[in-house]
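Throughout, a chain's letter reflects where its sequence line sits, starting with A, and its residues are numbered from 1.
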There are 2 protein chains.
Amino acid sequence: MTSYSQTTGYAIEALACLARQAPDSMLVREIAVLTEIPLPYLSKIFQRLVEAGIVESKRGYKGGVRLTRSPDEISLLEINSAAESGKSGELSEESARPGTFWQAFHQSYRDKLAAMTLADVVDYEGHHQLAMS
Amino acid sequence: MTSYSQTTGYAIEALACLARQAPDSMLVREIAVLTEIPLPYLSKIFQRLVEAGIVESKRGYKGGVRLTRSPDEISLLEINSAAESGKSGELSEESARPGTFWQAFHQSYRDKLAAMTLADVVDYEGHHQLAMS
DNA sequence: CACATTTAAGACAGCCAGGTCCACAAAGTG
DNA sequence: CACTTTGTGGACCTGGCTGTCTTAAATGTG
C-alpha cells in the first residue's frame with residue numbers, strides 16, 4: 001500500500017550510481033557492490049526500470065545497463081512509480097482516504113518527489129546536504 | 001518498515017475527531033463510525049495510544065476515551081511513534097541506510113511531523129487546506 | 001559453432017502491516 | 001448481585017513487500 005517503500009530508495013541510489021558513470025554502461029552486479037544492495041533484488045528492480053523506459057539494458061558478454069536520458073530529465077516520482085510498478089497503486093492516491101489530513105500530507109510528499117530529479121540526488125550524494133524548500 | 005503507514009493516518013484522524021469533542025470523552029465505536037475506520041482495528045490503535053499516555057480510557061457502562069492533554073501539546077511525531085509502537089522501528093531511523101539521499105528525505109518529513117500538532121490537524125479539517133513550509 | 005558472460009523471467013520463501021475474532025476484565029445500573 | 005456496556009488482551013488470518021534461487025535467453029569472443 002504505502003508506496004514510499006525501501007524499494008524506491010534502492011532504485012534512486014542505484015540510478016544515482018549509474019548517473020555518475022553516464023553515459024557509459026555498468027553491470028548490475030557492479031552497482032550492487034557499490035551501493036551494497038542485494039544483487040538478486042536489484043536485478044528485479046532494474047527489470048522494472050527497463051520496462052518503464054528509464055534505463056536500457058544489453059545482455060551478454062559486454063552487456064550492462066545505461067540511462068536513456070539525462071539525469072536532470074528523470075524525476076524521482078517517475079522512479080518511484082517505476083520501482084513500485086506491478087503493485088496495487090503505482091501512481092494511485094495512496095491508501096489514505098481523500099479529504100483527510102494524512103492524504104494531503106502524502107500528496108505534499110509526492111509533489112516534492114515530482115519536483116526533484118536524479119541530478120539533484122547525484123549532487124546531494126557529493127555534498128551530503130539536503131536542500132529542500 | 002516505512003513508518004508513514006496508514007495506521008498513523010488512522011491515529012491522527014481519530015485523535016483529531018476526539019480533539020473536536022474535548023474535553024468530553026467519546027466511545028471508540030462512535031469515533032469509528034465518524035471516521036469510517038474499522039472498529040476492531042481502531043481499538044488496537046487506541047490501546048497503543050493509551051499505553052503511550054496520549055489518551056486515557058475508562059471501561060464499562062459510561063466509559064470511553066479522552067485526551068490527556070491539550071491538542072496543541074501533542075505532536076504528530078509523538079502520535080506516529082505511539083501508533084507504530086511494538087514494531088521493529090518505533091522511533092528508529094527508518095529502513096534506509098544512513099548517509100543516503102532517501103534517508104535524508106525521510107528525515108526531513110519526520111522533522112515536519114515533529115513540528116506539527118494535533119491542533120493543526122483539527123484546524124486543517126475545518127479549512128481543508130494544508131499549510132506546510 | 002562452442003563457450004563464457006550477463007540480463008530476463010518466474011517460481012518460491014519469510015516477514016510484517018493491516019485487519020478480524022473471541023474470551024476476558026472493569027465499571028456503572030437496576 | 002445480575003446484567004449490560006465498553007475497553008483489554010491474545011490468537012489468528014491475509015496480502016504484499018523483501019529477498020532468493022533456478023532456468024532460460026541474448027550477446028559477444030575465439
Open item on the list: Strictly below 4.0 Å: does B:S5 bring a side-chain N or O up to OP1 or OP2 of C:dG18?
Closed with: yes
- [ ] Look at the side-chain N and O atoms of B:K44 and state whether any lies under 4.0 Å from the OP1 or OP2 oxygen of D:dG9.
- [x] no
TODO: Report yes if a donor N or O on one partner sits less than 3.5 Å from an acceptor N or O on the other, where the partners are the side chain of B:Q47 and the base of D:dG9; otherwise report no.
DONE: yes
Open item on the list: Check the phosphate of D:dT6 against B:R29, side-chain N and O only, distance under 4.0 Å to OP1 or OP2. Yes or no?
Closed with: yes
- [ ] Find the distance B:L42:CG to D:dG9:P and express it as a whole number of Å.
- [x] 16 Å
Task: Qualifying residue for side-chain contact (heavy atoms from CB on, under 4.5 Å) with B:S25, from B:R66, B:K58, B:E30, B:K62 - done: B:R66
Open item on the list: Using the side-chain heavy atoms of B:P38, tell me which of these nucleotides is nearest: D:dG19, C:dT20, D:dT6.
Closed with: C:dT20
- [ ] Of all the heavy-atom pairs spanning A:I79 and A:I54, show the shortest one and how long it is.
- [x] CA-CD1, 4.1 Å
Task: Under-4.0 Å salt bridge between B:R69 and B:E56 - done: no
TODO: Let me know the distance between CD1 of B:I37 and C1' of C:dG18, rounded to the nearest Å.
DONE: 13 Å
- [ ] For A:R59 and D:dT23, give me the distance from atom CZ to atom P, rounded to whole Å.
- [x] 17 Å
Task: Rounded interatomic separation in angstrom, taking CD from B:E56 and P from C:dA26 - done: 18 Å
Task: B:Y61 side chain near D:dG7 phosphate (N/O to OP1/OP2, under 4.0 Å) - done: no
- [ ] Using whole Å, report how far CD1 of A:I45 lies from C1' of D:dC17.
- [x] 11 Å
Open item on the list: Measuring to OP1 and OP2 of C:dT7, would you say a side-chain N or O of A:S57 lies under 4.0 angstrom away?
Closed with: no
Open item on the list: Both A:K62 and B:L27 contact DNA chain D. Taking the nearest nucleotide for each, which residue is further toward the 5' end?
Closed with: B:L27
TODO: Could you tell me the separation between the CZ atom of A:F46 and the P atom of D:dG19, rounded to a whole number of Å?
DONE: 16 Å
TODO: May I ask you to evaluate whether B:Q6 reaches the phosphate of C:dG19, defined as a side-chain N or O under 4.0 Å from OP1 or OP2?
DONE: yes
Open item on the list: D:dC17, OP1 or OP2 - any side-chain N/O from A:Y41 closer than 4.0 Å?
Closed with: no
Open item on the list: Distance alone, cut at 3.5 Å: any donor-acceptor contact between the side chains of A:D72 and A:T117?
Closed with: no
Open item on the list: Quiz question: going by heavy-atom distance under 3.5 Å, is there a donor-acceptor pair between the base of C:dA17 and the side chain of B:E84?
Closed with: no
TODO: Report yes or no: do A:Y41 and A:T7 form a side-chain donor-acceptor pair below 3.5 Å?
DONE: yes
Open item on the list: Expressed as a whole number of angstroms, how long is the span from A:E30:CD to C:dT6:P?
Closed with: 10 Å
Open item on the list: Between C1' on D:dG19 and CG on A:L39, what's the gap in Å once rounded to a whole number?
Closed with: 11 Å
